[in-house]
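Scroll down for the structure; my scribbles are underneath it.
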Amino acid sequence: TTMASSTTIPMANTRPTNYYIYELDGFPTHLKFGIAFDTEIRAGSSDGYYGDCLLEKEFPTRTHAFFIEQAILESTLDCANCPDELLDIGWDGHTEVRQISEEEAITVYNYFEMELELLGLWPFAASYVPMTQEQRDEFVTTFVSKWPKLASQVSFNIDVNLQEVVSVN
């Protein structure tokens with residue numbers, strides 16, 4: 001599985017963006033994950049299906065929010081289960097609906113938020129964001145050209161980790 005929301009990585013957008021988790025009205029066992037510049041506007045355009053907002057976290061850029069969203073969607077694929085009623089009407093958010101408890105959803109979010117803070121944006125993306133080979137090539141090219149020092153450090157860390165794995169095995 002690869003980045004569902006876009007064929008290119010949204011690297012240019014520096015506008016603050018929210019990651020959110022909403023309940024779905026009429027579907028008590030389902031939650032809707034997503035990102036938006038303004039969650040109230042997004043909820044208002046949900047055809048009345050968004051219920052209570054369970055979590056809303058502002059990230060400094062759309063890229064940050066997009067990467068955490070993609071990591072969470074990928075890690076919860078086994079919970080992907082959009083109600084037929086929403087599929088039948090072609091509801092836009094159907095790929096981001098999960099049949100998961102609030103507690104589990106918050107736990108997954110907290111894990112990835114901590115990983116993002118610990119690793120930093122680009123190492124986080126390299127570790128957790130699913131990409132096609134074309135997307136990965138674009139990512140690496142952009143990463144190396146914009147942040148050569150960081151790319152060198154990440155490369156060094158990968159080499160060290162590989163050597164440790166080889167020496168253990």
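Every heavy atom of this structure was used, including side-chain atoms; hydrogens, water molecules and symmetry mates were not.
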Next item on the list: For the pair S101 and E104, evaluate side chain to side chain donor-acceptor pair (under 3.5 Å) and give the outcome as yes or no after the intermediate values.
Entry: CA-CA 5 Å; S101 72; E104 290 172 305; 3.1 Å; yes
Next item on the list: Output, in order, the C-alpha distance, side-chain angles, deciding distance and verdict of side-chain contact (heavy atoms from CB on, under 4.5 Å) for S75 and V108.
Entry: CA-CA 8 Å; S75 74; V108 170; 3.7 Å; yes
Item checked: Derivation of the side-chain contact (heavy atoms from CB on, under 4.5 Å) call for H64 and T17 -> CA-CA 8 Å; H64 286 80; T17 303; over 6 Å; no
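Using a 4.5 Å heavy-atom cutoff, the side chains of N110 and M114 are not in contact. Side-chain atoms of T61 and P16, non-hydrogen and from C-beta on, never get closer than 4.5 Å to each other. Contact annotation: the side chain of R62 approaches that of I35 to within less than 4.5 Å [non-hydrogen atoms, C-beta and beyond]. Side-chain contact between N18 and F37: absent, with no pair of heavy atoms (C-beta onward) separated by less than 4.5 Å. When side chains are defined from C-beta on, Y109 counts as touching I68, because their heavy atoms get closer than 4.5 Å. At least one side-chain heavy atom of V97 sits less than 4.5 Å from a side-chain heavy atom of L24. The shortest side-chain heavy-atom distance between Y19 and F112 does not fall under the 4.5 Å cut-off. Here the side chains of L73 and R98 are in contact, with some heavy-atom distance below 4.5 Å.
Here the straight-line distance linking atom OH of Y49 with atom CG of L86 works out to 5.5 Å at 0.5 Å rounding. E23 CD to T29 OG1: the interatomic distance, rounded to the nearest 0.5 Å, is 11.0 Å. Put simply, CD1 on I72 and CD on E113 are 9.0 Å apart, with the number rounded to the nearest 0.5 Å. Here the CG atom belonging to D52 is positioned 11.0 Å from the CG atom belonging to L31, to the nearest 0.5 angstrom. Atom CG of L54 is separated from atom NZ of K32 by 12.5 Å, given to the nearest 0.5 angstrom. In this structure, the separation between CG on L118 and OG on S127 is 11.5 Å, given to the nearest 0.5 Å.
With no hydrogens or angles considered, no side-chain donor-acceptor pair links Y20 and K57 at under 3.5 Å. Counted by atom type alone, Y128 and E115 present one or more donor-acceptor pairs between their side chains at under 3.5 Å.
Across all non-hydrogen atoms, the minimal contact from D25 to G48 is OD2-O, 3.7 Å. Shown here for A71 and F124, the closest heavy-atom pair between the two residues is CB-CZ, 3.7 Å. Among all heavy-atom pairs drawn from E69 and G34, the shortest one is OE2-CA, 3.4 Å.
Under the 4.5 Å side-chain heavy-atom criterion for ILVMFWY residues, no single connected hydrophobic cluster contains both Y22 and F66.
Ring geometry for W91 versus Y50: interplanar angle over 60°, hence perpendicular rather than tilted (30 to 60°). The aromatic rings of F27 and H30 lie perpendicular to each other, with more than 60° between the two planes, well past the 30° mark.
Under a cut-off of 6.0 angstrom, the local environment of CD in E40 is sparse, with at most 12 non-hydrogen atoms contributed by other residues, nucleotides or ligands.
Here the options are F67, Y111, F59, the test is side chain to side chain contact (heavy atoms under 4.5 Å, CB included), and the partner is L116; only F59 passes.
Under the 3.5 Å distance criterion, the side-chain polar atoms of T76 are left unmatched by any main-chain donor or acceptor of C79.
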